[in-house]
Amino acid sequence: TTVLKSGWYEVSGDLKIGEGGIDIVGSVHLILCDGADMFLDSYGLDRPGIRVEEGASLSIYGQDKDSGKLTVRAGNDAAAIGGAFRKTCGIVDIHGGEITAVQFNRCMQGKGAAGIGGGAGNYDEKGGGGGDIRIHGGTVTVTYSQDGWASGAGIGGGSYADGGTVVIDGGTVTVQGGTLGAGIGGGRSGSGGNVTINGGTVEARGGRGTNGYGGAAGIGSGGETGMNPPPSSGGVTTINGGFVKAIGDTKAFGIGAGASSSGRMEMGVITINGGTVVTTEWDDKDPSIGGDTTNSRLTIDGGSVKAWTVADLAKNSKPASVHRVTVKCTDLEGLVSVKGLEGYGTKDIYALRDDKKEASFVYLWLPDGTHRFTLSDGMTTLRYCVVVKGRDVQIEPLPPVREIGFFVNGKDIGETPSGDGWRYQDKVLTLEGAQTYVLSGAATNNEVQVKVVRQGATVVLSNAVVFAEGREALDVT
């Protein structure tokens, strides 16, 4: 066994460490130089490839090209990177490089460890928790060996253990859970822990079940095929940005609860504030975000979320029920800016191409009412008026947007024709609230007539030019 104590280490060239792997003691920083190829194999051993248990931390960095590689194969009942049997993972902090972790368990006993995270447990002995795992960049891939039964999460808890804390700020993360293990979250019968995604590209697939049931969530809790399993929860999942694809397997949800032959599998607390989220239930027919709603809630305050839920499950933070609005935007590609939806999170929204329908779509979740907004990819801007009445959604494309060059509180009134306390229609800018409005830009009699309709409003001209004959351009009533 190689022991790395607190300090900084560089890996260059080809390096293979077989029996014994590496033990991390203290706080270790590992730099994968460009072109490096490091391989650790604990196959057949009862230990992790890289042991990082409670009290230890491992930080991994790439160089300029981020081409250094680290491949780690787990031993029996142990994580590839993390804890041994029943041991909780410490801190794993990935900043760069190409990291591949392979789960393995040589015994067909339904137990196994995470790819990155906690060690295995069994029904009577709880496995190791997921610890604290943070990914800021690089390429991280977690899979499992086909010649063993690995039932831990891809990233998170070992079998019969919870997911710990997982934060993804960037990078490309592709994760496959072991049999009954979540992609990100809990191992077999384990709850999801606390997962936060702020950016990056994430694909998380739950592990398969057995005998047609018991699969795991893409992000959330593991599955269970045994009788009378303990109650579990999808945990707390927060998505603020990034591109996230979550796929449940064998009757499990994409985000939320795994599946169980018996017992209660709670959805958990799911909050989506931004990003593009695509979730799929195992056969793509049933709701893809969900679970038992005891002690659970689903809040969608932003983002493009391609998912189905049971009726009235999704709410915003007010809270008011929100409903899926599928906006066809065939002329748009890639990253899309959304303007006009006050308070709605618009970070990292992408137009999703559906080749079967030969069109692109954005999936917004909006409350009852009338909503006017624009979608733009920087080349083309599209305008819409949407009326939501429960699941009855009417979408009307509006004429193409035209920038006018006159702004209210920093927003061009042609590109964004309405905002908090104001609206622009038929060349009339109406200020409706008793608040402060900052007007800037150039307006003419032919373009903008400003109308204040409520006492107490304050109008501030900031580098504004208003051409008028008499009082026609500024009508205060």
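- No hydrogens or angles considered: a donor-acceptor pair under 3.5 Å links the side chains of R188 and Y160.
- One distance of note links CZ of R73 with OG1 of T143; it measures 11.0 Å at 0.5 Å rounding.
- Partners of H323 by side chain to side chain contact (heavy atoms under 4.5 Å, CB included), not counting sequence neighbours, listed by chain and number: D312, S321, D368, V388, R391.
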Worksheet item: Between R353 and D355, does a salt bridge (charged side-chain N to carboxylate O under 4.0 Å, His left out) hold up when you go through it step by step?
Response: CA-CA 6 Å; R353 181 72 181 176; D355 290 332; 3.7 Å; yes
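- In this structure a side-chain-to-backbone donor-acceptor pair under 3.5 Å is present from Y344 to W365.
- No more than 12 heavy atoms of other residues, nucleotides or ligands sit less than 6.0 Å from atom CG of D64.
- Side chains of V322 and L366 form no contact here, defined as non-hydrogen atoms less than 4.5 Å apart.
- Contact record, G256 with A217: O-CB, 3.6 Å, taken as the closest heavy-atom pair.
- Classification of R205 and E203 as a salt-bridged pair holds, one side-chain N sitting under 4.0 Å from a carboxylate O.
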Worksheet item: What's the verdict on salt bridge (charged side-chain N to carboxylate O under 4.0 Å, His left out) for K87 and E53, showing C-alpha distance, side-chain angles and the deciding distance?
Response: CA-CA 7 Å; K87 295 295 185 179; E53 294 176 351; 5.3 Å; no
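- Legend: salt bridge (charged side-chain N to carboxylate O under 4.0 Å, His left out) pairs involving residues 95-104, not counting sequence neighbours: none detected.
- Counting only N and O atoms by type, the side chains of S317 and D301 include a donor and acceptor under 3.5 Å apart.
- For the pair T238 and V195, the minimum side-chain heavy-atom distance is 4.5 Å or more.
- Judged as a salt bridge (Lys or Arg N to Asp or Glu O under 4.0 Å), and not counting sequence neighbours, the contacts of K411 are E342.
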Could you tabulate the donor-acceptor pairs under 3.5 Å formed by side-chain atoms of residues 34-42, not counting sequence neighbours?
from : atom 1 : to  : atom 2 : distance (Å)
D34  : OD1    : K65 : N      : 3.3
D34  : OD1    : D66 : N      : 3.2
D34  : OD1    : S67 : N      : 3.4
D34  : OD1    : S67 : OG     : 3.4
D34  : OD2    : K65 : N      : 3.1
D41  : OD1    : Y43 : N      : 2.8
S42  : OG     : P48 : O      : 3.1

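- G242 approaches D348 most closely through the heavy-atom pair N-OD2, 2.7 Å.
- In terms of heavy-atom proximity, Y9 sits nearest to K5 at OH-O, 2.8 Å.
- Contact between G26 and S6 at its shortest, heavy atoms only, is CA-OG, 3.2 Å.
- With rounding to the nearest 0.5 Å, the separation of CD1 in I91 from OG in S57 is 5.5 Å.
- Ring geometry, H29 versus Y61: the interplanar angle falls under 30°, so the pair is classed parallel (tilted spans 30 to 60°).
- Using a 4.5 Å heavy-atom cutoff, the side chains of L375 and T381 are not in contact.
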Worksheet item: Does the pair N194 and V166 meet the rule for a side chain to side chain contact (heavy atoms under 4.5 Å, CB included), with working shown?
Response: CA-CA 6 Å; N194 195 322; V166 179; over 6 Å; no
Worksheet item: Given the rule in the side chain to side chain contact (heavy atoms under 4.5 Å, CB included) test, do V278 and V244 qualify, once you have shown the distances and angles that lead to the verdict?
Response: CA-CA 6 Å; V278 179; V244 181; over 6 Å; no
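- The side-chain heavy atoms of V142 and I155, taken from C-beta on, include a pair separated by under 4.5 Å.
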Practice prompt. I would like to know whether I24 and I50 meet side chain to side chain contact (heavy atoms under 4.5 Å, CB included); could you show each step before the answer?
Written response: CA-CA 7 Å; I24 301 299; I50 301 179; 3.8 Å; yes
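- Rounded to the nearest 0.5 angstrom, N316 CG and T299 OG1 are separated by 8.0 Å.
- Contact check for I22 versus I17: side-chain heavy atoms found under the 4.5 Å cut-off.
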Worksheet item: Would T100 and T141 satisfy side chain to side chain donor-acceptor pair (under 3.5 Å), going step by step from the backbone distance to the final call?
Response: CA-CA 5 Å; T100 301; T141 303; 4.7 Å; no
Practice prompt. Report the C-alpha separation of D249 and R208 in whole Å, then their side-chain angles, then the decisive distance to 0.1 Å, and conclude whether the salt bridge (charged side-chain N to carboxylate O under 4.0 Å, His left out) test is met.
Written response: CA-CA 5 Å; D249 200 312; R208 61 182 173 85; over 6 Å; no
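- Under a 3.5 Å cut-off, the side chain of N76 and the backbone N or O of L45 do not form any donor-acceptor pair.
- Under 3.5 Å, the side chains of E266 and S296 contain no donor-acceptor pair of N or O atoms.
- H371 meets the side chain to side chain donor-acceptor pair (under 3.5 Å) test with no other residue; sequence neighbours excluded.
- Although no hydrogens or angles enter the test, the distance criterion places a donor-acceptor pair under 3.5 Å between the side chain of Q103 and the main chain of A153.
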Discussion item. Checking R47 against D23 for the side chain to side chain contact (heavy atoms under 4.5 Å, CB included) test, could you report, in this order, the C-alpha distance in whole Å, the side-chain angles of both residues, the deciding distance, and whether it holds?
Written reply: CA-CA 10 Å; R47 58 154 293 125; D23 287 354; 2.8 Å; yes
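- Counted within 6.0 Å of NZ on K347, heavy atoms from surrounding residues, nucleotides or ligands total more than 12; the atom is thus considered enclosed.
- Scanning all heavy atoms of the two residues, the minimum distance from A78 to A84 falls at CB-CA, 3.9 Å.
- A 4.5 Å side-chain heavy-atom check between F253 and I219 finds every atom pair outside the cut-off.
- Looking at I239 and N273, their side chains never come closer than 4.5 Å, going by heavy atoms from C-beta outward.
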Quiz: residues 325-341 side-chain donor-acceptor pairs under 3.5 angstrom, not counting sequence neighbours:
from : atom 1 : to   : atom 2 : distance (Å)
T326 : OG1    : R324 : NE     : 3.4
S337 : OG     : S376 : O      : 3.4
K339 : NZ     : E415 : OE2    : 3.3

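- In this structure, C89 and G130 approach most closely via the heavy-atom pair CB-O, 3.4 Å.
- With contacts defined as side-chain heavy-atom distances shorter than 4.5 Å, the pair V277/I272 qualifies.
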